[in-house]
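Naming convention: chains lettered A, B, ... in sequence-line order (proteins, then strands); numbering from 1 in each chain.
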Protein chains: 2
Amino acid sequence: MEHRLEQIKKQLHAQSYKLTPQREATVRVLLERETDHLSAEDVYLLVKEKAPEIGLATVYRTLELLSELKIVDRINFGDGVSRYDLRKEGAEHFHHHLVCTECGAVEEITDDLLGDVEKLVENHWHFQVKDHRLTFHGICKHCQETAIESTS
Amino acid sequence: MEHRLEQIKKQLHAQSYKLTPQREATVRVLLERETDHLSAEDVYLLVKEKAPEIGLATVYRTLELLSELKIVDRINFGDGVSRYDLRKEGAEHFHHHLVCTECGAVEEITDDLLGDVEKLVENHWHFQVKDHRLTFHGICKHCQETAIESTS
DNA sequence: GTGCTTGCAAAGCTTTTGCATCGTC
DNA sequence: GACGATGCAAAAGCTTTGCAAGCAC
């Protein structure tokens, strides 16, 4: 984790941004909760535990900065709040999500499922793909099992 | 178009909702601008041309209703506003989008690109897929051509 | 009359912005 | 001392809600 933090620090410095204590605290929260799809408010509350004096605006500004630098990705599952995901180290593309419509759980898929589809889009529609967002909505394994139990 | 409207009317009646003049005007706007990815505000302004007395809240309520009935899909391209797309007649799945990061144009793809990927997700992750959202971000054909021209 | 629907205004949310202050080089 | 970064509060969207009035059956 320290390694990833150092890396992010360098990325910031490369663009002459500083890794201030507030920014560091924010990044640490994101690193600790890497797969949790936190909203800005979530991040704020967690950062506040480490650095109580931080303001919500700073969290927003930091998340926007990290987003510009492609360190985090901003996603939206349609519930009206932006969520922030740390990019996997060296990941070229955004990962995918499985959102359960029963329990709301979000699972991540880091496999590249879209290689062929992207090629098709580039060839057929002449669209130069830079990134993608893929989300499946449905019923997760756990909820399927629960449904079976309750009917038996 | 009248045919589609009749169909929607039946769908509403089946759930004991009425196709009021306001709702009809809203649906007509959506039918006329089927591929335009209108925001609620856009819809409101267009409906107002036909039915000036309508309120924004009614448009929101109608769009929510249509969304529940799966007549329209609510999408979010990450700019903070919800957009509404009429489902294609008989379309089982949501269609896909190509969003140009240069000019903001949104192109639709109605081809089913994800059949294989869905099967993989169901088999490998045991996730029962009900719907999906797939958006590619990149540079559209037109902007690619413009870029070439300006460098030559 | 009962119950759904509407328009208006107010409220609620998330997110952004203005501005004085603070810290760092 | 300059300049970026911060915290707070205010403002700015977009969306939802409360409520009285309207309409249909």
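As rounded to whole Å, 15 Å separates atom C1' of D:dG4 from atom CD of A:Q15. Atoms OH (B:Y17) and C1' (C:dG3) sit 13 Å apart, rounded to a whole Å. The separation between B:D42 atom CG and D:dT15 atom C1' is 15 Å, rounded to whole Å. Rounded to whole angstrom, the span from the CG atom of A:L63 across to the C1' atom of C:dT15 amounts to 11 Å. Counting to the nearest Å, the P atom of C:dC13 and the CG atom of A:L56 are 14 Å from each other. Taking atom NE2 of A:H13 as the reference point, atom P of D:dA5 lies 10 Å away to the nearest angstrom. In this structure, CD of B:E53 is placed 10 Å from C1' of C:dG7, rounded to the nearest angstrom. Following rounding to the nearest Å, B:N76 (CG) and C:dC13 (C1') show an atom-to-atom distance of 15 Å.
Dashed line: the shortest gap from a side-chain N or O of B:T20 to OP1 or OP2 of C:dT6 is under 4.0 Å. The phosphate of C:dT6 has neither OP1 nor OP2 within less than 4.0 Å of any side-chain N or O from B:T58. Side-chain nitrogen and oxygen atoms of A:R23 include at least one within less than 4.0 Å of the OP1 or OP2 phosphate oxygen of D:dT6. Taking side-chain N and O atoms only, A:Y60 has a distance below 4.0 Å to OP1 or OP2 of C:dT15.
With hydrogens and angles ignored, no donor-acceptor pair closer than 3.5 Å exists between the side chain of A:R61 and the base of D:dG4.
B:S82 comes within 4.0 angstrom of sugar-phosphate atoms only, judged by non-hydrogen atoms across all strands, and of no base. Using a 4.0 Å heavy-atom cutoff across all strands shown, B:E64 reaches no nucleic acid atom at all.
A salt bridge does not link B:K130 with A:E102: none of the charged nitrogens is closer than 4.0 Å to a carboxylate oxygen. Electrostatic pairing of A:R28 and A:E24 counts as a salt bridge here, judged by a charged N lying under 4.0 Å from a carboxylate O. A salt bridge links B:D73 to B:R133: at least one charged side-chain nitrogen sits closer than 4.0 Å to a carboxylate oxygen.
There is a side-chain donor-acceptor pair under 3.5 Å between B:D85 and B:H95.
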Between B:H37 and B:Y84, is a ring-ring contact (aromatic ring centres under 6.0 Å, His included) present by the stated rule, with each step listed? CA-CA 6 Å; B:H37 310 95; B:Y84 299 85; over 10 Å; no
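Heavy-atom distances to DNA chain D give each of B:R83 and A:P21 a nearest nucleotide, and the one nearer the 5′ end belongs to A:P21. For the pair B:S16 and B:Y44, nearest-nucleotide mapping onto DNA chain C gives the more 5' position to B:S16. Heavy-atom distances to DNA chain D give each of B:E41 and B:K18 a nearest nucleotide, and the one nearer the 5′ end belongs to B:E41.
For A:V81, the side-chain atoms get nearest to C:dT14 when compared with the rest of C:dT14, D:dG7, C:dT16.
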